[in-house]
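This report refers to the structure that appears directly beneath it.
Just so you know, these numbers come straight off a predicted model, no measurement behind them.
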Amino acid sequence: MSSSQWLRLLKNVGVWQGSFTQFSSHGTLIKNTPTLVNLEGLNDNKTIKLTVNRLDSNEPPHVNELTYLNRNIFLFEEGHFAKGSQQFSPFSVFGAEFGFFVDDRRLRMVQLFNKESNLEQVTLIREFRANGSGVERSPLTVQQLEGQWQGEAITLYPDWREPRNYNTNLTIKIEGDNLIQTLKTPELNFTSEGKIDHNTITFSGNRLILLPDGASSTTPLKIENRQSFFLECSWLVEPYKRLRLIRQYDDKGVWINVTLVTETKINL
């Protein structure tokens with residue numbers, strides 16, 4: 001499994017021009033930083049060298065070399081990945097990073113919680129392969145989410161047990177200032193309602209932030225001790241195709257799995 005994980009990471013090799021864009025927990029733009037990221041394979045691809053340049057800063061490049069992957073990152077066959085803390089702990093900084101890889105585009109996201117367990121900021125990272133043909137997508141809207149979505153999910157587990165594949169069905173409706181979504185899987189039939197306010201949708205305990213480039217972030221506003229929770233990053237890669245990465249934590253704050261959902265809107 002670990003060797004296949006390394007091969008999946010190698011799919012991300014390349015020179016990536018982009019930006020780190022920070023948003024508050026209310027979806028307000030804080031800062032945008034242009035970047036140049038170089039992922040290169042060395043030593044017959046047994047080493048991966050990561051070089052991050054912040055182009056509006058006098059800081060030296062950030063360089064890191066990897067020869068193995070630890071258990072806090074899991075990659076899917078397409079090169080998508082999610083990584084983060086394996087254990088949530090109150091009074092400490094906590095967060096996760098998600099990454100999607102499609103042709104000449106990458107979209108990454110970092111969700112960060114402060115020591116009070118409140119969502120502090122979301123950083124959207126939009127990247128384009130140098131000399132490639134990738135283009136930026138329009139900012140995500142609630143109208144683009146409305147409809148019925150059929151999905152195929154695959155869940156990976158930190159103990160390396162066999163991945164689980166299953167189907168999903170998500171129905172999203174807009175009624176006035178409210179968004180109502182119903183999720184059905186082999187084990188779930190759950191409906192939730194959120195209040196729409198500009199580029200945020202606030203549910204009971206969770207907030208969905210609509211972002212540029214077809215992206216969205218869903219997290220708790222505050223992680224409550226001894227309550228299970230999830231972190232999600234989504235990317236609308238085509239008008240009727242969406243990718244979602246979800247990290248699940250149990251009521252002890254232990255990371256228990258990561259799921260990739262590839263879903264298609266079936267009614268227009």
Side-chain angles (χ1 to χ4, degrees), residues 1-21 33-55 57 59-86 95-111 123-137 152-165 213 215 231 233-235 237-238 241 243-247 255 257-262:
M1 182 73 167
S2 58
S3 61
S4 66
Q5 288 282 301
W6 187 259
L7 292 174
R8 293 171 183 182
L9 181 60
L10 284 170
K11 292 184 178 182
N12 287 266
V13 164
V15 178
W16 299 94
Q17 298 167 327
S19 61
F20 290 12
T21 311
T33 303
T35 56
L36 184 67
V37 173
N38 188 5
L39 271 166
E40 53 185 321
L42 306 175
N43 187 25
D44 292 328
N45 287 330
K46 294 177 182 176
T47 300
I48 294 178
K49 181 180 179 181
L50 170 66
T51 305
V52 180
N53 287 278
R54 296 175 181 263
L55 301 180
S57 169
E59 297 177 19
H62 173 78
V63 180
N64 190 22
E65 291 193 2
L66 303 173
T67 55
Y68 67 94
L69 297 176
N70 57 32
R71 288 178 58 202
N72 72 346
I73 181 171
F74 267 53
L75 294 103
F76 293 84
E77 186 174 346
E78 302 84 353
H80 313 316
F81 70 87
K83 69 177 182 178
S85 309
Q86 295 189 55
E97 179 183 347
F98 301 88
F100 295 108
F101 170 71
V102 179
D103 298 326
D104 287 338
R105 283 297 320 277
R106 290 207 310 170
L107 184 137
R108 295 186 287 135
M109 181 180 294
V110 177
Q111 299 165 339
T123 300
L124 177 66
I125 305 168
R126 292 163 282 176
E127 296 178 314
F128 305 79
R129 188 186 298 278
N131 302 315
S133 58
V135 295
E136 181 163 345
R137 292 157 177 86
E152 297 179 354
I154 177 170
T155 297
L156 306 180
Y157 300 90
D159 60 4
W160 302 107
R161 79 182 80 162
E162 193 69 20
R164 179 169 173 254
N165 295 272
D213 202 14
L231 310 174
C233 172
S234 300
W235 193 19
V237 292
E238 296 173 14
K241 180 180 178 182
L243 304 174
R244 300 162 57 209
L245 282 166
I246 306 153
R247 284 178 67 91
W255 169 54
N257 61 49
V258 58
T259 298
L260 170 67
V261 182
T262 303

Problem - Atom CG of Asn64: over 12 foreign heavy atoms under 6.0 Å - result: yes
Exercise for the section: Compare all side-chain heavy atoms of Thr67 with those of Asn43 and state whether any distance is below 4.5 angstrom. Expected result: no
Fill in the blank from the handout: Residues Val258 and Phe76: closest non-hydrogen pair is O-CZ, 3.9 Å
Exercise for the section: Go through Arg129 and Trp16 one step at a time and tell me if the side chain to side chain contact (heavy atoms under 4.5 Å, CB included) criterion holds. Expected result: CA-CA 5 Å; Arg129 188 186 298 278; Trp16 299 94; 3.6 Å; yes
Exercise for the section: Evaluate the criterion side chain to side chain contact (heavy atoms under 4.5 Å, CB included) for residue pair Val37 and Ile125; output intermediate values, then yes/no. Expected result: CA-CA 11 Å; Val37 173; Ile125 305 168; over 6 Å; no
Problem - Beyond-backbone contact of Leu245 with Met109, side-chain heavy atoms, under 4.5 angstrom - result: no
Exercise for the section: Determine the minimum heavy-atom distance between Trp235 and Val102, stating which atoms define it. Expected result: CZ3-CG2, 3.9 Å
Problem - Asn12 and Ile48, any side-chain heavy atoms less than 4.5 Å apart - result: no
Problem - Sidechain-backbone polar pair: Asp44 side chain, Lys46 backbone, donor-acceptor under 3.5 Å - result: no
Exercise for the section: Hey, could you give me the OG1/CG distance between Thr259 and Leu156, rounded to the nearest 0.5 Å? Expected result: 7.5 Å
Practice task
Check whether any side-chain heavy atom of Ile246 lies under 4.5 Å from a side-chain heavy atom of Val261, and answer yes or no.
Solution key: yes
Practice task
Starting at CD1 of Ile154, measure out to CG of Asn165 and round the result to the nearest 0.5 Å.
Solution key: 4.5 Å
Problem - Nearest-0.5 Å distance, OG1 of residue Thr47 to CH2 of residue Trp6 - result: 6.5 Å
Handout entry: Evaluation steps, side chain to side chain contact (heavy atoms under 4.5 Å, CB included), between Asp103 and Ser133
Key = CA-CA 9 Å; Asp103 298 326; Ser133 58; over 6 Å; no
Completion exercise
The single option from Glu127, Glu78, Glu136, Glu97 that satisfies salt bridge (Lys or Arg N to Asp or Glu O under 4.0 Å) with Arg106 is Glu127
Problem - Over all atoms of both residues, closest heavy-atom pair of Val135 and Phe128 - result: C-CE2, 3.6 Å
Practice task
Spell out, as yes or no, whether a donor-acceptor pair under 3.5 Å connects the side chain of Trp255 to the backbone of Asn257.
Solution key: yes
Exercise for the section: Taking the side chain as every heavy atom from C-beta outward, state whether Thr262 and Lys241 have any pair of such atoms under 4.5 Å apart. Expected result: yes
Practice task
Identify, with sequence neighbours excluded, every residue that meets salt bridge (charged side-chain N to carboxylate O under 4.0 Å, His left out) alongside Arg54.
Solution key: none
Problem - From CG (Asn53) to CD (Glu59), nearest 0.5 Å - result: 10.5 Å
Handout entry: Distance in Å, Leu243 CG paired with Phe101 CZ, rounded so as to fall on 0.5 Å steps
Key = 12.5 Å
Handout entry: Crowding at CD, Gln86 (>12 non-hydrogen neighbours, <6.0 Å)
Key = yes
Problem - Gln5 side chain to Leu75 backbone, donor-acceptor under 3.5 Å - result: yes
Problem - Closest contact, heavy atoms only, Arg137 versus Val237 - result: NE-O, 2.8 Å
Handout entry: Check against side chain to side chain contact (heavy atoms under 4.5 Å, CB included), Phe20 and Arg108
Key = CA-CA 9 Å; Phe20 290 12; Arg108 295 186 287 135; 4.0 Å; yes
Fill in the blank from the handout: Note: Arg247 and Ser85 closest approach over all heavy atoms is NH2-O, 3.2 Å
Fill in the blank from the handout: Looking only at heavy atoms, the pair that brings Gln17 and Leu36 closest together is CG-CD1, 3.5 Å
Problem - Lys/Arg-Asp/Glu bridge criterion (N-O < 4.0 Å) met for Arg161, Asp159 - result: yes
Problem - Heavy-atom donor-acceptor pair, Ser19 side chain to Thr35 backbone, under 3.5 Å - result: no
Practice task
Give a yes or no on whether the backbone of Glu77 and the side-chain of Lys11 come within a donor-acceptor separation of less than 3.5 Å.
Solution key: yes
Problem - Straight-line distance of Tyr157 OH to Arg164 CZ, nearest 0.5 Å - result: 5.5 Å
